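Predicted, not measured: the structure shown is a model, and the values here were computed from it. Throughout, a chain's letter reflects where its sequence line sits, starting with A, and its residues are numbered from 1.
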Number of protein chains: 2
Amino acid sequence: MAQPDTMTRILDTAEVLFAERGFAETSLRHITSKAQVNLAAVNYHFGSKKALIQAVFSRYLDPFTGRFHAALDALEARYENRVIPLEVLLENMATTVLAVPAERNSLKVFMRLLGLAYSQAQGHLRRHIQEQYGGVFTRFTELVRRATPDLPDAERFWRLHFMLGTVIFTLSGLDALKDIAEQDYAEQVTVRDLVRRLRPVVVAAMNAPLPDDMSPTQED
Amino acid sequence: MAQPDTMTRILDTAEVLFAERGFAETSLRHITSKAQVNLAAVNYHFGSKKALIQAVFSRYLDPFTGRFHAALDALEARYENRVIPLEVLLENMATTVLAVPAERNSLKVFMRLLGLAYSQAQGHLRRHIQEQYGGVFTRFTELVRRATPDLPDAERFWRLHFMLGTVIFTLSGLDALKDIAEQDYAEQVTVRDLVRRLRPVVVAAMNAPLPDDMSPTQED
DNA sequence: GCGCTCCCAAAACGATTGTTTAAAACACTT
DNA sequence: AAGTGTTTTAAACAATCGTTTTGGGAGCGC
C-alpha cells in the first residue's frame, strides 16, 4: 500500500491532532513526527502554521459548501416557488454535514474543528471562514425565513444561533460528554444517534412560542 | 485609591485574558505585565499556571454552588414533596447564574470560561470541575428528572447538555453575536433580553416529542 | 538588636515553539 | 547521461514559554 502524498499525510495528521488538543497546543513537531515527514515540510508546503490550519478547514468546508449549494438547488427546484418546510431544510443541512466527512469517517473531527473555530479566538480563522463560506449560510437563513414567517426577524436570528450552539457545543465536546454518558447510562453513543436526538429538539426550539414581555425576575 | 491585593489583581487580569484568548494562548508574562505585578508572582502565589487556571474557576464556581444549593433548598422547602415544575427549576438556575458575576459585571467572562472548560481539552480542568462541582449538578438533574417523568433518562441527559450548549455558546460568543444582531436589526441587545428569549426555547426543547427510531443510514 | 515570616523584584534557567537555511536526494526532460 | 526544477533532509535560528533561583526589604514578636 503506497503512502499518500506528503501534504495529505500532513493534513490527515494535523486535523486529528488539532481536533484533539486545539491549535496552539499542537506543535508542528508533533504533527510532522506523527505524520513521518520532515519538520520543515509544513512550512515548505503550506507556508506557515496559520496557513496549515486554514488548509485543514478548507478541505472540509469546500466540499461542504459545494454539496450544500447543490442540495439547496435541488430543493428549490423540487418546491418551485412553494415554501420549503423547516423540517426539510434542517434535514437537508444535517444530511449535507453528515455526508462531507463520511469519506474519512471523521465527523467527530469535523465538528470539533468547527467548535474550535468558534471557541479559540484565532481571529484569522474566523475571518477566513466568514469570508469564504458565509454566502451559503445567508442563503440558508433566507430559506429558513420563508419557512417561519410568523417569527420576527430578530427572534429567528437568535434561535438559529441558539441551535447552532446546541449542535456545535454537543458535537464538538462529544468525547467528554460521551465519557459521562456511557459512564452513567452504560450506553454506546454514536454521532448518528445524537443527530437523531437533535432533530425534534431543534424543531421544537424553532417553533417555540414567542417570549412573554419582560418581567422582573419573579419567583413562582 | 488603594490597589487591590496582588493575588486579586492577578485573578482579575487572568480571567479576562483567558476568556479572550484561551489558556494556552495567554502567557504568564502577558498576565503579569497587564496586572502590573512581577512575573514570578503567579508561581509564588498559585504555584503554577494550572493552579492559576483552577483558581480563576473556583472564584466563580464556589459562590455559584453555594447560591445554587441554597436556592434549591428554598425550592424544596416551598414545594415540600410536590414536584417542582421544569420552568421554575430553569428560572432558578438562570437567576443563580446571573447573580454570581453581577458583582463584577462579568457574565460574559464567566460564560466564556465555562465554554473554554468544555472546548479546550485541558484534562486537569475538567477533572477539577467535575470533582469539585459535580454534586450540585447531579442534585439539579435529579430534580429535573422528577419534573420530566416521561423523558427517558438518556434523552433527558442529552437534552440538558443540548441546552447547556445553547446557553454557553450564545452567552460566551455574545460580543460577536451582538455585533451582527445590532448591525442587522438595529436593536439593542441586553443579557436579560437574551435570557428572556432563551426561556421559551429551552422549555420547548426539553418538552419536544421523542425522536423517531433510528433511520437505516449506515454506521461509522 | 536578632530571628522569623511574608512578599516582591530581577535575572537566569532549560525547554519548546515556529521558522529559516543550505545542502542532499529525487524526478523528469532533453 | 547531463541538467533542471522540485522535494526532502538535518541543523540552526531567534523568540517565547513556564519555572526557579537569588537576594532584598517590610513588618512583627521577643
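Each of A:K49 and B:L39 has a nearest nucleotide on DNA chain C; the 5'-most of these lies closest to B:L39.
The distance from atom CG of A:L28 to atom P of D:dA15 is 18 Å, rounded to the nearest whole Å. The CD atom of B:E25 sits 12 Å away from the P atom of C:dG18 (whole-angstrom rounding). What separates CD1 of A:I31 from C1' of C:dT19 is a distance of 14 Å, to the nearest Å. Atoms CZ (B:R29) and P (C:dT16) sit 16 Å apart, rounded to a whole Å. If you take CZ of A:F46 and P of C:dT20, they are 16 Å apart, rounded to a whole angstrom. D:dC17 atom C1' lies 17 Å from atom CZ of B:F23, rounded to whole Å. Distance NE2 (A:H30) to P (C:dT19): 18 Å, rounded to an integer number of Å.
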(request) Give the B/S/- string for nucleotides 4-9 of chain C, one per nucleotide from 5' to 3', where a protein heavy atom under 4.0 Å of the base yields B, of only the sugar-phosphate yields S, and otherwise -. (result) --SBSB
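Ring centroids of A:F110 and A:Y60 are separated by less than 6.0 Å, placing the two rings close together.
Side chains of B:T13 and B:V37 form no contact here, defined as non-hydrogen atoms less than 4.5 Å apart. Residues A:E20 and A:T26 are not in side-chain contact: their nearest non-hydrogen atoms beyond the backbone lie 4.5 Å or more apart. Contact annotation: the side chain of B:R59 approaches that of B:E15 to within less than 4.5 Å [non-hydrogen atoms, C-beta and beyond].
Using a cut-off of 4.0 Å between Lys/Arg side-chain N and Asp/Glu carboxylate O, B:E142 and B:R145 are scored as salt-bridged. Taking a cutoff of 4.0 Å between a charged side-chain nitrogen and a carboxylate oxygen, B:D12 and B:K34 do not qualify as a salt bridge. Under 4.0 Å is where a charged nitrogen must lie from a carboxylate oxygen, and between A:R156 and A:D153 at least one such pair does. For B:R127 and B:E131, the salt-bridge test fails: no basic side-chain N is under 4.0 Å from an acidic carboxylate O.
Regarding contacts with the backbone of D:dC17, a side-chain N or O of B:S27 is found under 4.0 angstrom from either OP1 or OP2. The side chain of A:N43 places an N or O atom within less than 4.0 Å of a non-bridging phosphate oxygen (OP1 or OP2) of C:dT19.
In DNA chain C, runs of at least 3 stacked Watson-Crick or G-U pairs (N1-N3 plus N6-O4 or O6-N4, or N1-O2 plus O6-N3, all under 3.5 Å) give these stems: C:1-5 with D:26-30, C:7-30 with D:1-24.
At a threshold of 4.0 angstrom between heavy atoms, the contacts of B:T26 are confined to the sugar-phosphate backbone, with no base atom among them.
For B:F18, the ring pair (Phe, Tyr, Trp, His ring centres under 6.0 Å) partners are B:F23, not counting sequence neighbours.
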